[in-house]
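The sequence lines fix the lettering, A, B, ..., with proteins before strands; numbering per chain opens at 1.
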Number of protein chains: 2
Amino acid sequence: MKKLPAQPVNGLIDGLEVLQELAVSRSPVSCKALSEKLNIELTRMNRILKTLDYLGIAYRTQDRKYKSGPGIHVLAIQSMLGSGLFSKALPVLESLQKYGHVVALGVLWKDTVSYLYHHKPDMSAYEAIASLSLYPATQSSIGMALLSEKENDEIKELYNGKIIPGYRTDYKNISELMDEIEKIRHQEYAALTKKGVISIAVKLGSPAYAAIAVSGKISANEVTEYVSILSEAAEKI
Amino acid sequence: MKKLPAQPVNGLIDGLEVLQELAVSRSPVSCKALSEKLNIELTRMNRILKTLDYLGIAYRTQDRKYKSGPGIHVLAIQSMLGSGLFSKALPVLESLQKYGHVVALGVLWKDTVSYLYHHKPDMSAYEAIASLSLYPATQSSIGMALLSEKENDEIKELYNGKIIPGYRTDYKNISELMDEIEKIRHQEYAALTKKGVISIAVKLGSPAYAAIAVSGKISANEVTEYVSILSEAAEKI
DNA sequence: CATATAAATTGCTATAATAGCAATATGAAA
DNA sequence: TTTCATATTGCTATTATAGCAATTTATATG
């Protein structure tokens, strides 16, 4: 369980929250709107935004609204280059396409999976990468594989009092989820079935920082085979 | 010229500097090493790192070193989804490949260009995207096109007392650069020639937030034609 | 062009956060 | 187990900042 330092850097916490809000906004947002949405007092919001603008991480438009700036793209690129995850994984993921199923790579973020790559059969390479998206973790084999790496307490806290997508909606939802997590830990891969489509995921790295998956009309007795294929692929990344 | 607010958020400024340093590091870095490299007092560095780790933006390894965490990828994806730049631009850039030259899209960051896309002929789609990189702005047509959008004072300050890649190395380097900038402003496109290769770039948006370029063995009398092609492409993004 | 209005931004100061030193805790190596 | 290096905390004097009110900025309207 991650803990804050004795003296957290509060400006950084709030600033990154604002930055994330800018990142998900489809159009520029005003200082006032952000202040209300994030429940941060107006003056403080103004200071955060102008600081981000000064750094080039945000961009202040002519009509005094803010959107994400070039700095965030640079940071994104630098992080991908630095981690080497993308460049190492792409050729390996490409080689998995020959099985004719969906191929994906993703990371876990809170209760969502963030797909860095999601390729459907007959999709162009650009589309696979440009189809960057977020998805509920509990409805994704990648999400479930990565959730299984967390401490039970962490998982319970993450979903406490919330609706868990794909799970029962009463008070027993968490124990239902934990049963599935235990199963995944035992198997060392995650498999999800939905409408005749099976999705299988294995983790990358130890401790895992991402996961890769194959999904499609896979028969039950092919699962073990694909687990093996994915595990080999994971070794190469 | 961007100005800081009356009360800058200093924790945010320092925290993002640390984050960028993590992003460019190829391997996990210790608190002490970062403290020395960025000249931030050790205690403060520890607090920034643990705050970033808590947020999931950084990741603390078993041996107490830090690297970028899943949150940064998510932020990257969200910013690209939010801006729509990548998904809108990819099909257009793909259509430019038929001319058989290098096709690129980039943003300006300080004195570098950050390529979001850089496709050489006969390169696979994955390689074009996975070849994310940074390059000196003054040696890139994209960089020069975007620099020309800045105020003269800003450009002069950016390069004051520095070696300007591709320009003379004496005190007249800035005036040489400014002459080129004036020319680009007048033409409304940037063209650079190096070893028989011409690179042409036009800006995206107004004010410009990115630029696209074509480069290769282009004859001087084809330049106008490619400027026109690029400008049309820019209109579609 | 002048006026009104809404939003952004600053100045001020009481309050809260934090810088950094020294002490303590943690983890790896011998 | 001990040693050593690094990470982290507790403490408090110092500095930053929260937020209110005043001021500035920008846009719309007449």
Side-chain angles (χ1 to χ4, degrees), chain A residues 1-19 21-22 25-69 151 205-207, chain B residues 1-19 21-22 25-69 151 205-207:
Chain A
M1 180 57 79
K2 311 265 175 164
K3 17 174 329 209
L4 279 165
Q7 283 180 22
V9 185
N10 291 307
L12 182 55
I13 293 171
D14 292 341
L16 285 170
E17 187 187 13
V18 172
L19 182 54
E21 190 58 37
L22 285 183
S25 298
R26 294 289 165 136
S27 54
V29 203
S30 74
C31 178
K32 187 167 183 292
L34 280 166
S35 168
E36 284 164 2
K37 181 155 193 191
L38 299 182
N39 202 33
I40 295 178
E41 196 270 329
L42 186 57
T43 315
R44 179 154 174 77
M45 179 57 79
N46 174 263
R47 286 164 180 159
I48 289 169
L49 288 170
K50 294 213 72 173
T51 298
L52 289 171
D53 176 49
Y54 176 78
L55 295 173
I57 302 280
Y59 179 75
R60 186 172 181 275
T61 65
Q62 194 76 346
D63 57 347
R64 303 193 294 184
K65 297 186 178 189
Y66 292 84
K67 62 179 187 179
S68 48
E151 300 286 345
S206 189
Chain B
M1 178 60 76
K2 312 265 174 157
K3 13 173 331 204
L4 279 165
Q7 283 180 19
V9 185
N10 291 306
L12 183 54
I13 294 171
D14 292 342
L16 286 170
E17 186 187 13
V18 172
L19 182 54
E21 189 59 37
L22 285 182
S25 298
R26 295 290 166 134
S27 53
V29 202
S30 74
C31 180
K32 186 167 184 293
L34 280 165
S35 167
E36 284 165 0
K37 180 151 191 192
L38 300 181
N39 202 34
I40 295 177
E41 195 272 328
L42 187 57
T43 314
R44 178 153 177 76
M45 178 58 77
N46 173 263
R47 288 167 177 155
I48 289 169
L49 288 170
K50 291 212 74 172
T51 298
L52 290 171
D53 176 48
Y54 176 78
L55 295 172
I57 302 280
Y59 179 75
R60 186 173 179 273
T61 65
Q62 192 80 343
D63 56 348
R64 304 194 295 184
K65 296 188 179 187
Y66 292 84
K67 64 178 186 178
S68 47
E151 300 287 346
S206 187

For [X] and [N], give me the distance from atom [atom1] to atom [atom2], rounded to whole Å.
X: B:Glu41; N: D:dA7; atom1: CD; atom2: C1'; result: 12 Å
X: A:Leu4; N: C:dT18; atom1: CG; atom2: P; result: 12 Å
X: B:Lys65; N: D:dA5; atom1: NZ; atom2: P; result: 16 Å
X: A:Arg47; N: D:dT17; atom1: CZ; atom2: P; result: 9 Å
X: B:Asp63; N: D:dA7; atom1: CG; atom2: C1'; result: 13 Å
X: A:Leu49; N: C:dT10; atom1: CG; atom2: P; result: 12 Å
X: B:Lys50; N: C:dA19; atom1: NZ; atom2: C1'; result: 19 Å
X: B:Asp14; N: D:dA16; atom1: CG; atom2: P; result: 11 Å

Taking only side-chain nitrogens and oxygens of [X], does any of them come within less than 4.0 Å of OP1 or OP2 of [N]?
X: B:Lys32; N: D:dT8; answer: no
X: B:Asn10; N: C:dA19; answer: no
X: B:Asn46; N: D:dA7; answer: no

Fill in: Whichever of A:Pro8 and A:Leu42 has its nearest DNA chain C nucleotide further upstream toward 5'
A:Leu42
Worksheet item: Pick the nucleotide of DNA chain C nearest each of B:Gln62 and B:Pro5; which residue has the one closer to the 5' end?
Response: B:Pro5
Worksheet entry | Nearest heavy-atom neighbours spanning A:Arg44 and A:Asp14 |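 The pair with the smallest heavy-atom distance is NH2-OD2, 2.9 Å.
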Worksheet entry | B:Ser35 (side chain) donor-acceptor with B:Met45 (main chain) under 3.5 angstrom |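 Answer holds: no.
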Given [options], identify the nucleotide with an atom nearest to the side chain of [X].
X: A:Gln7; options: D:dC11, D:dT8, D:dT17; answer: D:dC11
X: A:Thr43; options: D:dG19, D:dG10, D:dT6; answer: D:dG19
X: A:Arg44; options: D:dC20, D:dT17, C:dT9; answer: D:dT17

Discussion item. With side-chain contact (heavy atoms from CB on, under 4.5 Å) as the criterion, how do A:Leu16 and B:Leu16 come out once you've worked through the C-alpha distance, each side chain's angles and the decisive distance to 0.1 Å?
Written reply: CA-CA 9 Å; A:Leu16 285 170; B:Leu16 286 170; 4.1 Å; yes
Worksheet item: Is it the case that more than 12 heavy atoms not belonging to B:Asn39 sit under 6.0 Å from its CG atom?
Response: no
Worksheet item: Do B:Leu4 and B:Ile13 touch side chain to side chain, with heavy atoms closer than 4.5 Å?
Response: yes
Worksheet item: How do B:Val9 and B:Val29 order along DNA chain D: which one's closest nucleotide is nearer the 5' end?
Response: B:Val29
Review item, nucleotides 23-26 of chain C N/O atoms under 3.5 Å of protein N/O:
unit_1 : atom_1 : unit_2  : atom_2 : d
C:dT26 : O2     : B:Arg64 : NH1    : 3.2

Practice prompt. First locate atom CZ of B:Arg60, then atom NZ of A:Lys3, and finally report the distance between them rounded to the nearest 0.5 Å.
Written response: 10.0 Å
Worksheet entry | Among B:Cys31, B:Ser27, B:Ser30, B:Ser25, side-chain contact (heavy atoms from CB on, under 4.5 Å) partner for B:Lys65 |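 It is B:Ser30; the other options fail the test.
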